[in-house]
Amino acid sequence: MADLPRCRRASWDDVDAWADRLAAAVRDGDAVPTTIVGLTRGGWVPARLLADRLGVKRIVSLRAQHWGVTATPDGAATLAEGLSGPVADEATLVVDDITDTGDSLRLAVDHVREAHPRRLESATFLHIAHSKFTPTYFAEEIPRTAWVWVVFPWNYWEDLAQLATRAAERGRGVDAIRRTLREACGLDVPRADLERVARYVPLG
Ligand code: AMP
């Protein structure tokens, strides 16, 4: 039977609060960045929200790959696509949503360093305390004993489809799946959302 992770659904209000806190921390640091590197895909929305709050005009992208499907690491972290633009002589902030193992951000920061930025810092909304890499800034720390899969708003439908598919192995149909998601994952999902997923994912 498929494993189901404990989950925490993040709201847009949570996201706004994390972005505010991170932006304040970056402003209190040595210098406001001139370029933000957003890791795809999880770091894109955080990167854009930070750029807005910090008045940063330039965002470049870097594609890291680690977790294949929801809550399942897919082998070692890799950089699937390099920087979409130069960062030489830029005060650079590398942004992601969460450091869990920390492998993706560490790989990304090492890669960006080789592109000779003037300054190099990193930031994530959430940081799990067991991570092997600690970002320069993070908005909230999750204790190592309290690991959860965070369902971010920008990953909601994808996470829901994958979690519901796994939950369906324990009992098919929207009501059974809803109950499993509540009991096994701690996730309260509106029935209408599961019905929507059931239109394109077979949930029986
Ligand atoms: P990692 O390399 O383990 O630090 O994580 C790489 C990426 O996988 C993160 O940027 C997230 O997009 C995703 N991810 C890893 N762990 C979690 C988690 N506990 N909750 C939500 N997303 C996660």
Side-chain angles (χ1 to χ4, degrees), residues 2-19 21-22 36-51 59-84 92-113 120-167 181 184-189 193:
D3 275 348
L4 282 165
R6 293 303 292 174
C7 292
R8 164 179 166 191
R9 184 172 177 186
S11 67
W12 285 111
D13 283 348
D14 294 328
V15 168
D16 247 347
W18 290 326
R21 215 174 303 156
L22 261 194
I36 289 179
V37 175
L39 294 201
T40 86
R41 294 173 294 163
W44 270 21
V45 176
R48 184 62 187 90
L49 296 178
L50 280 179
I59 300 181
V60 301
S61 147
L62 177 60
R63 181 167 172 228
Q65 237 173 346
H66 194 188
W67 295 69
V69 292
T70 300
T72 313
D74 189 12
T78 54
L79 291 179
E81 283 166 39
L83 283 164
S84 65
T92 305
L93 181 70
V94 183
V95 175
D96 205 357
D97 47 5
I98 183 167
T99 26
D100 187 333
T101 64
D103 289 342
S104 303
L105 191 60
R106 184 175 51 189
L107 207 60
V109 165
D110 287 347
H111 181 75
V112 172
R113 187 177 295 112
L120 178 55
E121 294 184 318
S122 55
T124 56
F125 280 173
L126 297 171
H127 172 62
I128 303 188
H130 65 195
S131 169
K132 287 170 252 157
F133 182 89
T134 304
T136 320
Y137 310 101
F138 54 86
E140 185 183 320
E141 183 170 76
I142 298 175
R144 66 181 69 227
T145 50
W147 184 91
V148 281
W149 182 261
V150 181
V151 179
F152 292 104
W154 48 85
N155 222 57
Y156 178 65
W157 294 104
E158 185 174 314
D159 279 345
L160 192 53
Q162 292 179 358
L163 292 167
T165 302
R166 283 190 248 171
L181 292 180
C185 306
L187 209 55
D188 241 324
V189 179
D193 290 1

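Ligands are counted one by one from 1 in listed order, and the atoms in each one are counted from 1 as well. Keep in mind it's a predicted model, so treat the numbers as computed, not measured.
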Heavy-atom distance to [atom]: which of [options] wins?
atom	options	answer
atom 16 (N) of ligand 1	Leu107, Asp100, Thr40	Asp100
atom 4 (O) of ligand 1	Gly102, Ala77, Pro135, Ala64	Gly102
atom 23 (C) of ligand 1	Trp67, Trp154, Trp149, Phe152	Trp149

Margin query: Under 4.0 Å, counting heavy atoms only: does Val148 come that close to any atom of ligand 1?
Written below: yes
Note to self: For the 3.5 Å polar cut-off, considering only N or O atoms, please tell me whether Val150 and ligand 1 meet it.
What the structure shows: yes
Note to self: Quick check on side-chain hydrogen bond (donor to acceptor under 3.5 Å, both in side chains): which of Glu121, Arg21, His127 does Tyr137 satisfy it with?
What the structure shows: Glu121
Numbering as shown, the atoms of ligand 1 that approach [X] to under 4.0 Å (heavy-atom distance):
X	result
His66	1 (P), 2 (O), 3 (O)
Trp147	19 (N)
Ser104	1 (P), 2 (O), 5 (O), 6 (C)
Thr101	1 (P), 2 (O), 3 (O), 4 (O)

Notebook entry, point to check: Given that the side chain starts at C-beta and the backbone is N, CA, C, O, which of these parts of Asp97 lies under 4.0 Å from ligand 1, counting heavy atoms, or is it both or neither?
Noted result: side chain
Check: With sequence neighbours excluded, what pairs up with Glu141 under the salt bridge (charged side-chain N to carboxylate O under 4.0 Å, His left out) test?
Finding: none
Notebook entry, point to check: Which distance, rounded to the nearest 0.5 Å, do you find between the CG of Asp97 and the CZ of Arg41?
Noted result: 10.0 Å
Next item on the list: Check whether any side-chain heavy atom of Phe133 sits under 4.5 Å from a side-chain heavy atom of Val109, and report yes or no.
Entry: yes
Next item on the list: Please determine if Arg166 and Asp3 form a salt bridge, counting it only when a charged side-chain N lies under 4.0 Å from a carboxylate O.
Entry: no
Notebook entry, point to check: With sequence neighbours left out, what residues match Trp67 under ring pair (Phe, Tyr, Trp, His ring centres under 6.0 Å)?
Noted result: Trp149
Check: For Trp147, does the CH2 atom sit with more than 12 other heavy atoms under 6.0 Å from it, leaving out its own atoms?
Finding: yes
